[in-house]
Amino acid sequence: MARFESFERVQARVRTTLGRNVRELRLAVGLSQGELAERAGTRRALISDIERGETNATLDTIVRIALALRVETHELLKRPNVKLAE
């Protein structure tokens with residue numbers, strides 16, 4: 001029988017993944033949170049909250065961040081290779 005994650009677990013996992021990816025990509029291109037926020041047309045505090053997984057980023061914000069980082073939007077939500085439990 002398949003096990004399904006609760007909404008809360010999935011939401012927390014997606015927030016964590018988004019935050020980790022934004023931080024890693026931001027650092028890889030040498031931007032501060034403030035510089036990324038300026039490029040994305042948002043607040044530095046929002047970038048900080050996203051990187052810590054503490055906020056629900058809107059789709060518009062995710063797209064703006066992807067454009068600012070010059071990556072495809074789906075790259076921000078991509079999970080690392082995870083071996084699934086059987």
Side-chain angles (χ1 to χ4, degrees):
M1 173 182 252
R3 292 181 54 205
F4 295 97
E5 290 182 271
S6 69
F7 171 79
E8 291 81 11
R9 273 189 78 142
V10 172
Q11 184 181 47
R13 180 174 40 80
V14 171
R15 283 181 179 177
T16 299
T17 298
L18 173 64
R20 184 193 61 246
N21 290 341
V22 168
R23 178 173 165 69
E24 287 177 2
L25 289 164
R26 175 180 62 77
L27 293 174
V29 296
L31 294 175
S32 69
Q33 288 179 342
E35 291 166 330
L36 176 56
E38 186 174 320
R39 285 186 181 191
T42 190
R43 299 172 295 109
R44 188 212 53 82
L46 180 58
I47 299 297
S48 177
D49 289 346
I50 290 169
E51 288 186 1
R52 290 191 322 268
E54 295 183 357
T55 191
N56 272 335
T58 66
L59 180 57
D60 290 350
T61 299
I62 294 169
V63 170
R64 287 174 183 264
I65 291 170
L67 289 170
L69 292 170
R70 296 187 175 136
V71 298
E72 294 290 330
T73 305
H74 72 272
E75 293 295 321
L76 297 181
L77 298 172
K78 190 176 180 181
R79 290 175 63 189
N81 292 332
V82 178
K83 189 171 187 175
L84 299 176
E86 294 182 21

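We use all heavy atoms of the structure for the numbers below, so side chains are in, but hydrogens, waters and symmetry mates are not.
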_Contact between Thr42 and Arg64 at the side-chain level, heavy atoms closer than 4.5 Å - yes or no?_
no

*Leu18 versus Ile65: any side-chain heavy-atom pair under 4.5 Å?*
no

*Heavy-atom distance under 4.5 Å between the side chains of Ile62 and Ile50, does that happen here?*
no

*asked:* Using every non-hydrogen atom in the two residues, find where Arg79 and Arg20 come nearest and quote the distance to one decimal.
replied: CA-NH2, 4.4 Å

*pair Val14-Val10: side-chain heavy atoms closer than 4.5 Å*: yes

*Go through the steps to decide whether Leu77 and Asn21 satisfy the test side-chain contact (heavy atoms from CB on, under 4.5 Å), and finish with yes or no.*
CA-CA 7 Å; Leu77 298 172; Asn21 290 341; 5.9 Å; no

*Work out which heavy atom in Ala68 is nearest to a heavy atom in Ala40; give both atom names and the distance.*
CB-N, 3.9 Å

*Nearest 0.5 Å, what's the CG-CD distance between Leu69 and Glu24?*
12.0 Å

*asked:* I need the minimum non-hydrogen distance between Val22 and Glu51, along with the two atoms involved.
replied: CG1-OE2, 3.8 Å

_Looking at Gln33, is its backbone amide N or carbonyl O close enough to the side chain of Arg44 to form a donor-acceptor pair, meaning the two atoms are under 3.5 Å apart?_
no

*Where do Leu36 and Val29 land on the side-chain contact (heavy atoms from CB on, under 4.5 Å) test, with the steps shown first?*
CA-CA 10 Å; Leu36 176 56; Val29 296; over 6 Å; no

*Strictly by modelled atom types, are Arg52 and Ser48 linked by a side-chain donor-acceptor pair under 3.5 Å?*
yes

*asked:* Return the CZ to CZ distance between Arg70 and Arg39, rounded to the nearest 0.5 Å.
replied: 5.5 Å

*So does Glu72 have more than 12 non-hydrogen atoms from other groups sitting under 6.0 Å from CD?*
no

_Can you confirm whether more than 12 heavy atoms, excluding those of Arg15, are under 6.0 Å from its CZ atom?_
yes

*asked:* As an exercise, state the distance from CD of Glu75 to CG of Leu25, rounded to the nearest 0.5 Å.
replied: 7.5 Å

*So does Glu38 have more than 12 non-hydrogen atoms from other groups sitting under 6.0 Å from CD?*
no

